[in-house]
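Proteins come first, then strands; the chains are lettered A, B, ... in the order of their sequence lines, and each starts at number 1.
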Amino acid sequence: MTIYEIAKIAGVSASTVSRVINGKPGVNKETRKRVTEYLEKYHYSPNEAARGLVTGSHKMIGVLISDMRTAHHTDGLAYIQKELASQGYLCLIMNTGHGDEDKASYIQQLSQRRVDAVMLIGSTFESQIVGKAISEYIPRTPVVISNGYIDLPNVYGVIADERNGTVECVKHLASQNRKNLAFILDYETPSNLLKVEGFKFGLQQYINNNEVPRIIKTGPDFQGVYDTTRRLMEEHPETDGIIYSEDPLAASGLRALHEGNYAVPSRVAVIGINNSIIAQITTPTLTSLDNMLLELSMTCVRNLIDVLQGKHVVKKMLIYSHLVEREST
DNA sequence: ACTTACAGACGTGATCCAGA
DNA sequence: TCTGGATCACGTCTGTAAGT
């Protein structure tokens with residue numbers, strides 16, 4: 001049913017129906033009642049595409065995520081989608097993959113879809129190519145980055161303080177008199193590089209044994225992390241503490257340590273990052289850095305809605321993280 | 001035959017204006 | 001003054017007419 005069809009049935013013009021729908025004045029009480037009855041009877045639902053032609057807003061937010069399989073990202077995504085829906089916005093969620101060129105291409109697609117605003121989930125969007133795509137395709141569309149920031153007039157960022165969080169992880173291990181630490185990461189994302197920076201700083205600050213920081217890159221798959229952990233323990237049996245860049249990696253590491261008969265935490269302490277559900281279900285349970293991803297997502301949504309409502313929003317915000325101690329340390 | 005320009009259509013909101 | 005009809009604008013696509 002369109003407003004023309006409702007108008008014809010109700011014996012009025014389309015503009016009168018439009019006034020009734022939008023609660024505008026200038027319609028007789030009896031006419032308004034009659035039109036309202038027909039709108040309800042025929043379950044009238046406005047055509048948002050046509051409405052968008054007039055208002056210039058399709059009440060649609062483009063949400064880009066580099067990898068939908070990343071559990072801690074989808075947790076945040078679920079919250080973001082629900083909160084935006086409660087504000088009347090529809091989320092157009094797109095899985096971009098890790099390549100910068102692909103991300104730029106999706107930003108162009110969002111521009112063609114005329115979205116009201118864009119939300120980028122994850123630090124991997126913090127790149128020159130993405131920044132260039134934003135400048136070229138959506139220079140006037142508000143963009144909020146969850147756990148990242150690009151210095152452009154229309155971009156707002158909310159960042160987890162993972163650098164200092166990782167320093168806290170090292171401090172915690174040092175407090176247990178552990179001196180031979182390793183850091184294992186999968187991708188060299190801006191977020192992971194901040195964690196590495198924090199790891200190096202923590203070593204200088206709290207251990208200071210003049211050794212080269214042991215930072216090991218691995219594949220993101222279970223077997224890759226498993227093998228890396230076993231190799232680390234064989235080549236450096238003195239290792240007494242391992243920090244993994246994500247909880248799933250730490251879970252794979254725990255398995256490798258268990259099967260290699262390296263007792264956790266008495267011989268090796270293990271820390272993950274994200275404080276995801278995984279940290280609570282491993283054996284032993286996993287000490288993990290809570291980088292407040294839910295709080296981060298909530299802040300992103302609040303900022304996005306405030307920007308859309310024309311309110312002042314701080315361009316770059318930092319969310320503090322803290323360590324949640326469990327059995328693995 | 002091909003290219004270019006223009007009009008009309010889509011659904012809705014806003015505005016103008018005529019009639020009661 | 002109130003009510004409601006007519007018209008325009010929005011962005012893009014399609015079809016048609018005109019020109020080369």
Are A/Val307 and A/Tyr149 in one and the same hydrophobic cluster, where Ile, Leu, Val, Met, Phe, Trp and Tyr link if side-chain heavy atoms are under 4.5 Å apart? no

Set out, in order, the CA-CA distance, both residues' side-chain angles and the distance that settles salt bridge (charged side-chain N to carboxylate O under 4.0 Å, His left out) for A/Glu37 and A/Lys41, then state yes or no. CA-CA 6 Å; A/Glu37 281 169 1; A/Lys41 183 180 175 185; over 6 Å; no

Looking at A/Asn147 and A/Ala160, would you say the former's side chain and the latter's main chain have a donor-acceptor pair under 3.5 Å? yes

Within-4.5 Å side-chain heavy-atom neighbours: A/Leu323 and A/Thr329: no

Set out, line by line, the N/O atom pairs under 3.5 Å between protein and nucleotides 1-7 of chain C.
from, atom 1, to, atom 2, distance (Å)
C/dG4, OP1, A/Thr31, OG1, 2.6
C/dG4, OP2, A/Asn28, N, 2.8
C/dG5, OP2, A/Ser13, N, 2.5
C/dG5, OP2, A/Ser13, OG, 3.0
C/dG5, OP2, A/Thr16, OG1, 3.4
C/dG5, O6, A/Arg19, NH2, 2.4
C/dA6, N6, A/Ser15, OG, 3.0

I need the A/Ser252 OG to A/Phe222 CZ distance, nearest 0.5 Å. 5.5 Å

On the ring face of A/Phe201, is A/Arg163 found with NZ or CZ under 6.0 Å from the centre and within 45° of the axis? yes

State, with a plain yes or no, whether a side-chain heavy atom of A/Val143 is found less than 4.5 Å away from one of A/Ile107. no

Walking along DNA chain B from 5' to 3', note the first and the last nucleotide with an atom under 4.0 Å from a heavy atom of chain A, and give both. B/dG11 to B/dC16

When the axes are fitted on five pairs at both termini, how much does the helix from B/dA1-C/dT20 to B/dA20-C/dT1 curve, in 10° steps? 50°

Hey, what's the ring geometry for A/Tyr42 with A/Tyr38, parallel, tilted or perpendicular (30° and 60° as the breaks)? parallel

Only distances under 3.5 Å count here; give the side-chain donor-acceptor pairs of residues 291-303 of chain A to other protein atoms, sequence neighbours excluded, each with its distance to 0.1 Å.
from, atom 1, to, atom 2, distance (Å)
A/Asn291, ND2, A/Glu162, OE2, 2.8
A/Asn291, ND2, A/Asn274, OD1, 2.9
A/Ser297, OG, A/Leu293, O, 2.9
A/Thr299, OG1, A/Glu295, O, 2.7

Are there any protein N/O atoms within less than 3.5 Å of an N/O atom in nucleotides 10-13 of chain C, and if so, which ones and at what distance?
from, atom 1, to, atom 2, distance (Å)
C/dC10, O2, A/Leu53, O, 3.3
C/dT12, OP1, A/Arg114, NH2, 2.6

Restricting to pairs with a member in residues 242-288 of chain A, which pass ring pair (Phe, Tyr, Trp, His ring centres under 6.0 Å), not counting sequence neighbours? none

So do A/Leu304 and A/Tyr89 actually touch side chain to side chain, heavy atoms under 4.5 Å? no

Under 4.5 Å between any side-chain heavy atoms of A/Ser288 and A/Arg326, yes or no? yes

